[in-house]
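These numbers were taken from a predicted model, which means no experiment stands behind them.
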Amino acid sequence: MIHPAGDRHWTRRTPERIKRGTDSHAAKLSAAAIDRMRQEFEGGASQTWLARKYGVSRYTIWRHLRKSGS
């Protein structure tokens with residue numbers, strides 16, 4: 001059996017079906033947690049402290065903080 005590859009693969013034909021962000025089953029942060037995290041950061045919390053509190057890496061915290069709050 002030949003499996004679809006390249007442009008015939010389902011992820012290329014229907015990219016809207018790919019779960020991203022908080023829709024993914026592997027997401028560690030909910031939208032509400034991200035909002036709380038941004039508020040805590042604006043209140044003076046460090047990225048390292050937030051990473052430990054939410055159980056993610058500092059890089060993950062940084063990525064969410066640099067995105068717009070909308």
same_hphob_cluster(W49, I61) at 4.5 Å side-chain heavy-atom cutoff
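Yes.
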
For the side chain of T14 and the backbone of E16, is there at least one donor-acceptor N/O pair under 3.5 Å apart?
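Side chain of T14 to backbone of E16, a donor-acceptor pair under 3.5 Å: no, none is there.
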
Quick one: does T60's side chain have a donor or acceptor within less than 3.5 Å of a partner on V56's backbone?
no

Side chains of F41 and R36: closer than 4.5 Å at any heavy-atom pair?
no

Validation row: W10, R13 side chains within 4.5 angstrom (heavy atoms):
yes

If you count heavy atoms of other groups shown closer than 6.0 angstrom to CZ of R52, is the number above 12?
no

Take a 6.0 Å sphere around NZ of K53 and say whether it holds more than 12 heavy atoms from other residues, nucleotides or ligands.
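Yes, NZ of K53 has more than 12 neighbouring heavy atoms, counting only those of other groups under 6.0 Å.
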
Ignoring hydrogens, what is the shortest heavy-atom contact between L29 and T22? Give both atom names and the distance.
O-CG2, 3.3 Å

How long is the span from the [atom1] atom in [X] to the [atom2] atom in [Y], to the nearest 0.5 Å?
{"X": "Y54", "Y": "I34", "atom1": "OH", "atom2": "CD1", "value": "9.5 Å"}
{"X": "L65", "Y": "R58", "atom1": "CG", "atom2": "CZ", "value": "12.5 Å"}
{"X": "R8", "Y": "I2", "atom1": "CZ", "atom2": "CD1", "value": "7.0 Å"}

Mind running side-chain contact (heavy atoms from CB on, under 4.5 Å) on M37 and H64 for me, showing each step along the way?
CA-CA 9 Å; M37 177 185 63; H64 287 293; 3.4 Å; yes

